[in-house]
There are 2 protein chains.
Amino acid sequence: MDEKADKEGGELKVVMVVSEGLEQKRNVAWRTFLTAHAVAIEKIERDLAEAEVLPLSWYDVLLALYEAPDHKLRMHELAGAILVTRGGLTRLVARIEKAGLLSREPDPADGRGLHAVLTGEGLESLRSTWPVYAGGIAEHFGRHLTDEEVEVLDRALRRMLAAAREG
Amino acid sequence: MDEKADKEGGELKVVMVVSEGLEQKRNVAWRTFLTAHAVAIEKIERDLAEAEVLPLSWYDVLLALYEAPDHKLRMHELAGAILVTRGGLTRLVARIEKAGLLSREPDPADGRGLHAVLTGEGLESLRSTWPVYAGGIAEHFGRHLTDEEVEVLDRALRRMLAAAREG
DNA sequence: TAAAACCAGTTGTAGATACAACGAATTGCT
DNA sequence: AGCAATTCGTTGTATCTACAACTGGTTTTA
């Protein structure tokens, strides 16, 4: 790489120069963060698929409903909770409804609105998925971190999220 | 939530019971990790789109080429470097090639193989994209973390990745 | 050296997502 | 009350991705 810098003049510096000094460690950490996320997600999704339980996108929807009052949420609330656009949510919810894991019912208080409601079957799926998911999290994520690292990571990323919600 | 547990018996415990004790903090941290990733990526992609520079998927490909010897990689090496399936890479590379930012040339040493090679125009795009990307990383990620947190996060996630490569 | 096994990259197909435009319903303003 | 602006959810369209089957090239092995 250094030989290349000699041969090609400034080219190598495209990335390096800008990321030198104080910023560099943060950029390296960002890349680690991205890769770690991609690898962990890939492995966990594979575990879920092999066990024939819910994929993460379905699990997220149903868990959000589970955690909501009366196990129901308006579509736009659900979209906000799982960070999907409303357009995407319409189709995602339609697929999950077709599988019988949630139902849609009109909101009596607002003629425009719908509630997505967790069904008994949906709860059952959540129940059977969780152990597999928990196993994946432990195996591909938690197992490799010390207690202290977990705390630092959680605290730091929460601070980041709080800032994102304001900005 | 606790009232709900009283009313509905064991249901609330579906998730909580299993994740109690030692594991719980790790599961909470995992969720934070997922959300933080989703939010940061979303904001950075938006920055890139607004500045009309390369999206992350293209940037990743071109950066991998940039960092490779002679700025070229075999397709399967590239697929491994950016964590995409070969099928997906074929199309991604085709799009980038159509934009003139890389070229494909046969490998003289292996009739099956192709090299993806960074072009001058590709290097130029990398150059113009990086400041925007770096700004996004700083704004939506690095800015919110202390030096020590950055180090802990990088070290911990690297350890996780090392384990993933072996397992 | 011939056949079998393997590997590289592509392509058909299906699935999933975002963006923008839309119709229906509600809210706010005057 | 009545009209404009906003909000809600859906849908058309374009992109993008994964999986699996496939073609052609290479390596292994008998």
Side-chain angles (χ1 to χ4, degrees), chain A residues 34 37-39 41-50 52 54-62 64-65 72-99 101-117, chain B residues 34 37-39 41-50 52 54-61 64-65 72-99 102-117:
Chain A
L34 285 190
H37 176 269
V39 167
I41 285 286
E42 195 272 337
K43 290 188 180 283
I44 289 175
E45 287 277 23
R46 196 165 298 268
D47 288 352
L48 294 173
E50 275 172 15
E52 294 183 323
L54 303 173
L56 280 183
S57 57
W58 289 35
Y59 186 84
D60 286 347
V61 167
L62 297 180
L65 293 182
K72 71 169 62 173
L73 282 176
R74 286 287 299 271
M75 293 293 282
H76 68 277
E77 297 172 316
L78 189 48
I82 64 170
L83 304 174
V84 171
T85 61
R86 283 199 304 273
L89 185 66
T90 293
R91 274 127 172 170
L92 178 54
V93 163
R95 291 193 294 273
I96 302 176
E97 184 182 36
K98 203 160 122 190
L101 309 187
L102 61 76
S103 62
R104 275 183 297 192
E105 51 188 50
D107 183 342
D110 187 336
R112 298 167 299 182
L114 293 175
H115 284 289
V117 189
Chain B
L34 286 189
H37 176 269
V39 168
I41 286 286
E42 194 272 337
K43 290 187 180 285
I44 289 175
E45 286 276 23
R46 196 166 297 271
D47 287 352
L48 295 172
E50 275 172 16
E52 295 182 321
L54 303 174
L56 280 182
S57 57
W58 289 34
Y59 187 84
D60 286 346
V61 167
L65 293 182
K72 72 169 62 172
L73 283 176
R74 287 287 298 271
M75 293 293 281
H76 69 276
E77 296 173 317
L78 190 48
I82 65 170
L83 303 174
V84 171
T85 60
R86 282 199 305 275
L89 186 66
T90 293
R91 274 126 171 167
L92 178 54
V93 163
R95 291 193 295 275
I96 301 176
E97 184 182 35
K98 202 160 123 191
L102 62 75
S103 63
R104 274 184 295 193
E105 52 187 49
D107 183 343
D110 186 339
R112 299 167 297 182
L114 294 176
H115 284 289
V117 189

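Below, chains carry the letters A, B, ... as their sequence lines are ordered, and counting in each starts from 1.
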Between OH of A:Y59 and P of C:dA16 the distance, given in whole Å, is 19 Å
With a non-hydrogen cut-off below 4.0 angstrom, is A:G87 in contact with a base, only sugar-phosphate, or nothing? base
To the nearest Å, give me how far apart CG (B:D110) and P (C:dC6) are. 17 Å
How many whole angstroms separate atom CZ of B:R74 from atom C1' of D:dT26? 11 Å
Whole-Å distance separating the CE atom of B:M75 from the C1' atom of D:dG24: 16 Å
May I have the distance from B:L78 (atom CG) to C:dA8 (atom P), rounded to whole angstrom? 14 Å
Just to be sure I understand the rule, does A:R91 reach a base, reach only the sugar-phosphate, or reach nothing, if contact means heavy atoms closer than 4.0 Å? base
Whole-Å gap separating C1' (D:dC16) and NZ (B:K98): 14 Å
Can you tell me how far P of D:dT15 sits from CH2 of B:W58, to the nearest Å? 11 Å
With B:K72 as reference, evaluate B:E77, B:H115, B:E105 under the side-chain hydrogen bond (donor to acceptor under 3.5 Å, both in side chains) test and give the passing residue. B:E105
Side chain A:R112 and base C:dT26 donor-acceptor under 3.5 Å: no
To the nearest Å, how far apart are A:D107 CG and C:dT26 C1'? 12 Å
Verdict with supporting geometry, A:R46 and A:E42, salt bridge (charged side-chain N to carboxylate O under 4.0 Å, His left out): CA-CA 6 Å; A:R46 196 165 298 268; A:E42 195 272 337; 2.6 Å; yes
Under 3.5 Å, side chain of B:E97 to main-chain N/O of B:R104, donor-acceptor pair present? yes
Using a 6.0 Å cut-off, check whether atom CD of A:E52 has over 12 heavy atoms from anything other than its own residue. no
Among C:dA8, D:dG9, C:dT10, the one nearest any side-chain atom of B:H76 is C:dA8
Give a yes/no answer on whether the side chain of B:R86 brings an N or O atom under 4.0 Å of OP1 or OP2 in D:dT17. no
Counting just side-chain N and O atoms, does B:R46 come under 4.0 Å of either OP1 or OP2 of C:dA18? no
Just compare C:dT10, C:dA18, C:dT17 and give me whichever is closest to any side-chain atom of A:T85. C:dA18
Would you call B:E45 and B:L56 a side-chain contact if the rule is heavy atoms closer than 4.5 Å? yes
On DNA chain C, more 5' by nearest nucleotide between A:R95 and A:G111 is A:R95
